[in-house]
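Have a look at the structure below before the remarks.
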Amino acid sequence: MQKIGKPTDRTEWGMTPPTVNAYYNPPNNEIVFPAGILQPPFLDRTIDDAINFGAIGSVIGHEYTHGFDDQGSKYDYEETSKTGGAKKDLKAFNERTSCISDEYSGFVSVKDEKNGDVHLKGKLTLGENTADNAESTFPTWRWRRRWKESRAGRSTASLRKQRFFLGYAQVWCQNATDQSLRELANTDPHSPGEFRDERRSQQLSGIPEGIRLQSRPAYGP
């Protein structure tokens, strides 16, 4: 309440430095990566770039995409809320992203034959799912430009592809009880780790067949 009517403090962070997270702030048009996330498994200066592109690179792509998700798309480049003619654009945007909402609403987070399966809520998770579906596109494109097969040789390039997607999958490893997943399905705007990794990976092209998931894996740290 004390901030109402006062100028925006653009130096203020929404997270503390040790927080292992990142965020995009539409009103300020800013992306913040606290020091806490700039360490393994997201970023490791001692290992090859392929892992880092798949890990922190995807996080960067994720936050960048939030500028165009169901919330970020409501703001223009001057950080002001869109009005007037933009309403037509937002309507078209909502129509196109409805397929993402419908897709994730069909995913089952907890199987329960007695009381009924617990599904994800597509509308609740739409913004994060939109970012998840685009997050690996940017680092994949940037990584491919840096490590062309003509430069590295096909066998080496194939290994780097594997390590890129392994780095991507590693950051979403997660263990959660059914009770926790039930609660998160109703409150968390993020989908569980398995859907952020497995479902997105199934949609990507260029994944080496040697590591493509054939069935639901047992996730662990």
Side-chain angles (χ1 to χ4, degrees), residues 14-15 19-26 31 37 41-42 54-75 90-140 165-205 207 211-221:
M15 294 178 179
T19 301
V20 183
N21 207 335
Y23 67 89
Y24 171 75
N25 183 7
I31 299 177
I37 200 172
F42 292 93
I56 192 64
S58 293
V59 175
I60 294 172
H62 176 100
E63 299 304 333
Y64 181 88
T65 306
H66 273 315
F68 308 92
D69 67 9
D70 59 326
Q71 298 302 316
S73 62
K74 297 178 181 179
Y75 293 81
L90 289 173
K91 180 181 179 181
F93 176 88
N94 291 333
E95 291 175 350
R96 295 188 179 187
T97 55
S98 63
C99 63
I100 298 179
S101 177
D102 294 342
E103 177 187 18
Y104 280 81
S105 291
F107 294 158
V108 176
S109 182
V110 179
K111 292 184 178 298
D112 188 339
E113 296 181 357
K114 181 179 180 180
N115 301 308
D117 294 339
V118 177
H119 287 252
L120 300 184
K121 288 180 169 52
K123 291 185 178 180
L124 172 65
T125 57
L126 179 59
E128 296 299 332
N129 293 336
T130 300
D132 284 345
N133 276 266
E135 66 184 8
S136 55
T137 302
F138 171 75
T140 300
F165 288 107
L166 287 174
Y168 174 75
Q170 177 65 25
V171 299
W172 299 126
C173 287
Q174 177 185 20
N175 279 326
T177 63
D178 285 351
Q179 181 179 0
S180 174
L181 291 173
R182 287 177 182 277
E183 179 181 352
L184 293 175
N186 291 301
T187 60
D188 193 349
H190 302 83
S191 295
E194 66 177 278
F195 299 103
R196 306 188 75 176
D197 172 25
E198 180 181 359
R199 298 302 181 183
R200 176 57 184 144
S201 297
Q202 291 174 347
Q203 297 170 339
L204 289 170
S205 61
I207 300 180
I211 63 171
R212 185 178 293 276
L213 298 175
Q214 302 299 325
S215 60
R216 177 173 172 170
Y219 284 82

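Predicted model, so just to flag it, every value in this text is computed and none were measured.
Going from atom CD of Glu63 over to atom CG of Asp69 covers 9.5 Å, rounded to the nearest 0.5 Å. Put simply, CD on Glu103 and CZ on Phe195 are 10.5 Å apart, with the number rounded to the nearest 0.5 Å. Annotation: the span from Ser109 atom OG to Glu183 atom CD amounts to 12.0 Å, rounded to 0.5 Å. Put simply, CG on Leu126 and CD on Gln71 are 9.0 Å apart, with the number rounded to the nearest 0.5 Å. Here the CG-CD distance, from Leu184 to Gln179, works out to 10.5 Å after rounding to the nearest 0.5 Å.
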>> side-chain hydrogen bond (donor to acceptor under 3.5 Å, both in side chains) for Asn133 and Tyr104? Distances and angles first, verdict last.
In response: CA-CA 11 Å; Asn133 276 266; Tyr104 280 81; 3.1 Å; yes

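Partners of Asn25 according to the side chain to side chain donor-acceptor pair (under 3.5 Å) rule, which considers only residues two or more places apart in sequence or in another chain, are Glu30. Qualifying side chain to side chain donor-acceptor pair (under 3.5 Å) partners for Asp188, counting only residues two or more places apart in sequence or in other chains: His190. Under the side chain to side chain contact (heavy atoms under 4.5 Å, CB included) criterion, Phe93 pairs with Asp70, Ser73, Thr97, sequence neighbours left out. Listed by chain and residue number, Thr125, Ser191 satisfy the side chain to side chain donor-acceptor pair (under 3.5 Å) test with Asn129 (two or more places apart in sequence, or in another chain). Residues satisfying the ring-ring contact (aromatic ring centres under 6.0 Å, His included) criterion with Tyr64, sequence neighbours excluded, are Phe68. Under the salt bridge (Lys or Arg N to Asp or Glu O under 4.0 Å) criterion, Asp178 pairs with no residue at all, not counting sequence neighbours.
Of the possible donor and acceptor atoms, none in the side chain of Asp112 sits under 3.5 Å from a partner among the backbone N and O of Asp117. Distance alone, capped at 3.5 Å, is enough to place a donor-acceptor pair between the Gln174 side chain and the Gly193 backbone.
Taking the six-membered ring for Trp and the full ring otherwise, Tyr168 and Phe165 have centroids separated by 6.0 Å or more.
Side-chain contact between Val20 and Phe42 is present, with heavy atoms from C-beta onward closer than 4.5 Å. In this structure, the side chains of Leu181 and Pro192 come closer than 4.5 Å at one or more pairs of heavy atoms.
Between Ala55 and Pro41, the closest heavy-atom pair is CB-O, 3.5 Å. In terms of heavy-atom proximity, Ala185 sits nearest to Val118 at CB-CG1, 3.7 Å. Closest heavy-atom contact between Ile31 and Tyr24: CG1-CD1, 3.5 Å. Across every non-hydrogen atom of Lys121 and Ser105, the tightest pair is C-OG, 4.1 Å.
The 12-atom threshold is not exceeded at NZ of Lys123, counting heavy atoms of other residues, nucleotides or ligands nearer than 6.0 Å.
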